[in-house]
Amino acid sequence: MPATEELPQHWRGPLLPRSCPGSKVQGPFVLAGTDLELDSASVSSEWTTESEQDKNSGERRKRRVRTWRVRHRLGSDSESDSSSSSSGRSSSSSSTSTGSSSSEGEVAKFKQQRLQMLKEWEAQKAKALSPTSGKSAAALIASGAEYAKRADIAAPALPPPAASLPPPPPPAEPPSLPASPPPPPQEAGMPLEWFSSGKRYRCFALAPTFLAQQDIDALHAAAHHASVAEINDRKGYLAFKHRVWRFEAQLRLLYPSLYRRLLDLMHRADETKWKRLRRNSKKRKVYPEIEYIAYDVAEMGEPCFIEPHVDNKSAVTMVAMLSSPGSYVGGRSCFRRGHGKEGHRELVLQQGDVVLFRGEKLTHWITPVTAGRRVILQIELSRV
């Protein structure tokens with residue numbers, strides 16, 4: 001791997017070329033701080049603009065930055081399977097309505113409910129922390145279950161709050177990783193359960209228990225790799241309360257079979273319903289953004305959430321539940337209504353469930369997580 005001083009200063013990212021004589025990229029790419037290699041056909045560069053402060057004048061200046069990102073080639077038509085079911089899932093999901101007459105009204109109502117809930121939370125917090133209350137911080141966190149009760153969610157007995165991502169180990173002592181999980185037999189034939197709509201982009205699919213415990217352990221391990229960094233790339237106007245780590249390069253290198261299974265499932269869902277990934281994509285290539293997202297109430301000190309939004313440039317988005325149902329309260333996945341002029345749709349994902357939808361078109365959000373820790377895997381596939 002080239003020494004740091006040999007790399008152009010405008011290059012960024014966990015992936016770096018192994019050699020760059022005269023700033024000309026050659027050979028495979030390596031994951032920074034490791035010996036893990038990725039072939040050049042699986043890497044693409046992206047030019048972005050960043051702002052930095054001049055040390056002498058103190059003024060902020062913009063400059064062009066080159067970032068190396070993972071590239072994925074879509075499989076052949078024979079790899080997609082159209083086996084699907086149009087029925088909803090009663091065991092782990094439900095569909096409910098709210099009294100809104102448009103998507104704008106729906107979003108406004110959700111924001112109003114969330115702000116009211118936060119006011120109640122702050123009032124409980126002030127009362128719990130007063131010298132005469134006698135309540136502990138743990139009792140304050142547990143009081144978040146009251147919001148779930150009003151939303152007809154049974155409040156489970158919560159385990160102690162999980163710790164946030166630990167600091168990375170020294171580079172000389174890489175973490176031990178679980179073995180790469182083998183793919184389940186006949187996975188290509190597993191049916192997708194479709195939630196229908198008169199408009200194709202509002203349809204979404206559920207793959208129940210797609211991830212086994214071994215898969216979930218591998219995803220946790222990849223997200224905790226020493227080279228993984230926390231990011232904050234949400235738009236300034238989007239209200240949210242969570243933490244995000246980006247790790248598509250790490251998952252691609254450490255668990256290639258699991259990486260391919262996840263992206264193949266997204267491709268299969270797209271070929272079955274939307275057929276968007278191959279449109280406007282050059283040579284059937286797409287660009288995955290893989291995120292590990294934690295909604296941790298104990299760490300944040302207040303309910304965690306993300307308000308209604310769409311995923312910019314994501315032709316297909318996948319969300320996989322990594323937490324068990326008893327480890328958090330709230331956090332139901334919500335989507336814009338499929339039919340009519342009122343309501344929205346909600347899912348209570350079980351551990352290992354995967355939901356797939358048109359991220360750039362279908363408005364989605366979660367209800368506030370009011371206690372515990374909710375962790376998900378999110379993958380967005382961009383065509384540019």
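It should be emphasised that the depicted structure is a prediction, and the values quoted were computed from it without experimental measurement. The figures that follow rest on heavy atoms only: side chains count, while hydrogens, waters and symmetry mates do not. In what follows, residues are counted from 1 in the order of the sequence shown.
Atoms CZ and CG, from F210 and D353 in turn, are 11.5 Å apart once rounded to the nearest 0.5 Å. To the nearest 0.5 Å, the span separating CZ on F29 from CG on L38 amounts to 8.5 Å. The OG atom of S257 sits 11.0 Å away from the CG atom of D264 when rounded to the nearest 0.5 Å. To the nearest 0.5 Å, atom CG of residue L322 and atom CD of residue Q213 are 9.5 Å apart. Separation of atoms OG (S333) and CD1 (I366) is listed at 7.0 Å; rounding is to 0.5 Å. Taking CZ of R337 as the reference point, atom CZ of R202 lies at 5.5 Å (rounded to 0.5 Å).
Residues meeting the salt bridge (charged side-chain N to carboxylate O under 4.0 Å, His left out) test with K241, sequence neighbours left out: E302. Residues passing the ring pair (Phe, Tyr, Trp, His ring centres under 6.0 Å) test with F247, sequence neighbours excluded: none. Legend: residues meeting side chain to side chain donor-acceptor pair (under 3.5 Å) with H364, ordered by chain and number and at least two apart, are H309, D311. Taking E230 as the reference, R243 meet the side chain to side chain donor-acceptor pair (under 3.5 Å) condition, with sequence neighbours excluded. Partners of R71 by side-chain contact (heavy atoms from CB on, under 4.5 Å), not counting sequence neighbours, listed by chain and number: S44, K285, Y287. Partners of K313 according to the side-chain contact (heavy atoms from CB on, under 4.5 Å) rule, which considers only residues two or more places apart in sequence or in another chain, are S382, V384. Applying the side chain to side chain donor-acceptor pair (under 3.5 Å) test to E289 and every residue at least two apart in sequence or in another chain returns nothing. Under the salt bridge (charged side-chain N to carboxylate O under 4.0 Å, His left out) criterion, R358 pairs with E360, sequence neighbours left out. With sequence neighbours left out, the ring pair (Phe, Tyr, Trp, His ring centres under 6.0 Å) criterion links Y255 to no other residue. For N232, the side-chain contact (heavy atoms from CB on, under 4.5 Å) partners two or more places apart in sequence, or in a different chain, are R234, F240. Listed by chain and number, the residues in a side chain to side chain donor-acceptor pair (under 3.5 Å) with R246 are E248 (sequence neighbours excluded).
Counting heavy atoms from C-beta outward, M266 and L356 have side chains that approach closer than 4.5 Å. By the 4.5 Å heavy-atom criterion applied to side chains, R373 and C304 are not counted as neighbours. Using a 4.5 Å heavy-atom threshold, the side chains of E291 and I231 count as touching. Between H344 and R336 there is no side-chain heavy-atom pair separated by less than 4.5 Å. Side-chain contact between I293 and V375 is absent, with no heavy atoms from C-beta onward closer than 4.5 Å. Between L211 and L262, the closest side-chain pair of non-hydrogen atoms falls below 4.5 Å. Contact check for V319 versus L377: no side-chain heavy atoms found under the 4.5 Å cut-off. Proximity of V43 to V70: side-chain heavy atoms (C-beta onward) are nowhere separated by under 4.5 Å.
Linking Ile, Leu, Val, Met, Phe, Trp and Tyr whenever their side-chain heavy atoms come within less than 4.5 Å leaves F335 and Y201 in two separate clusters. Note on V244 and M321: same hydrophobic cluster, where clusters join Ile, Leu, Val, Met, Phe, Trp and Tyr whose side-chain heavy atoms are under 4.5 Å apart, directly or indirectly. By the rule that hydrophobic residues join a cluster once side-chain heavy atoms approach within less than 4.5 Å of another member, V355 and I306 end up as members of one cluster.
Judged purely by atom type and a 3.5 angstrom limit, D270 uses its side chain to pair as donor or acceptor with the backbone of L277. Although no hydrogens or angles enter the test, the distance criterion places no donor-acceptor pair under 3.5 Å between the side chain of T367 and the main chain of G330. A donor-acceptor pair under 3.5 Å links the side-chain atoms of T272 to the main chain of R268, judged by distance alone. Of the possible donor and acceptor atoms, one in the side chain of K275 sits under 3.5 Å from a partner among the backbone N and O of E271. Judged by distance alone, the side chain of S197 and the main-chain N or O of G338 form a donor-acceptor pair under 3.5 Å. Within the 3.5 Å criterion, the main-chain N or O of A222 finds no donor-acceptor partner in the side chain of Q250.
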Requested in this report: Determine, stepwise, if the pair L219 / L258 fulfils side-chain contact (heavy atoms from CB on, under 4.5 Å).
Outcome: CA-CA 9 Å; L219 290 167; L258 177 57; 4.0 Å; yes
Query raised in the report: What do the steps show when you test L265 against L192 for side-chain contact (heavy atoms from CB on, under 4.5 Å), and what is the final call?
Result: CA-CA 9 Å; L265 179 65; L192 293 172; 3.8 Å; yes
Requested in this report: Before giving the answer on side-chain contact (heavy atoms from CB on, under 4.5 Å), spell out for S42 and H72 the whole-Å C-alpha distance, their side-chain angles and the decisive distance to 0.1 Å.
Outcome: CA-CA 6 Å; S42 299; H72 179 77; over 6 Å; no
**Report entry** Working for ring-ring contact (aromatic ring centres under 6.0 Å, His included), residues Y292 and H220
**Finding:** CA-CA 8 Å; Y292 183 91; H220 285 308; 5.6 Å; yes
Report task. Let me see the working for L253 and Y259 under side-chain contact (heavy atoms from CB on, under 4.5 Å), right down to the final yes or no. Result -> CA-CA 9 Å; L253 287 165; Y259 169 88; over 6 Å; no
Report task. In sequence, state the C-alpha distance, the side-chain angles, and the governing distance for T209 and Q350, and then conclude on side chain to side chain donor-acceptor pair (under 3.5 Å). Result -> CA-CA 8 Å; T209 61; Q350 302 299 306; over 6 Å; no
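Summarising the geometry of G331 relative to R374, their closest heavy-atom pair is O-NE, 3.0 Å, with the distance given to 0.1 Å. Summarising the geometry of Q351 relative to S323, their closest heavy-atom pair is CB-O, 3.3 Å, with the distance given to 0.1 Å. In plain terms, the two heavy atoms of V369 and G372 that are nearest each other are CG1-O, 4.4 Å. Heavy-atom minimum distance, L31 versus S227: CD2-OG, 3.5 Å. Considering every non-hydrogen atom in both E193 and P208, the closest pair reads OE2-CG, 3.5 Å. The minimum heavy-atom distance linking E299 with D296 is given by the pair N-OD1, 3.1 Å.
A salt bridge links D215 with R261: the distance from a Lys NZ or Arg NE/NH1/NH2 to an Asp or Glu carboxylate oxygen falls below 4.0 Å.
Of the candidates F357, W274, F204, W194 forms a ring-ring contact (aromatic ring centres under 6.0 Å, His included) with just one, namely W274.
Residues H224 and W245 place their aromatic rings such that the two centres sit no closer than 6.0 Å. Taking the ring centroids of Y328 and Y295, they lie at or beyond the 6.0 Å cut-off.
Heavy atoms of other residues, nucleotides or ligands lying less than 6.0 angstrom from CZ of R200 number 12 at most.
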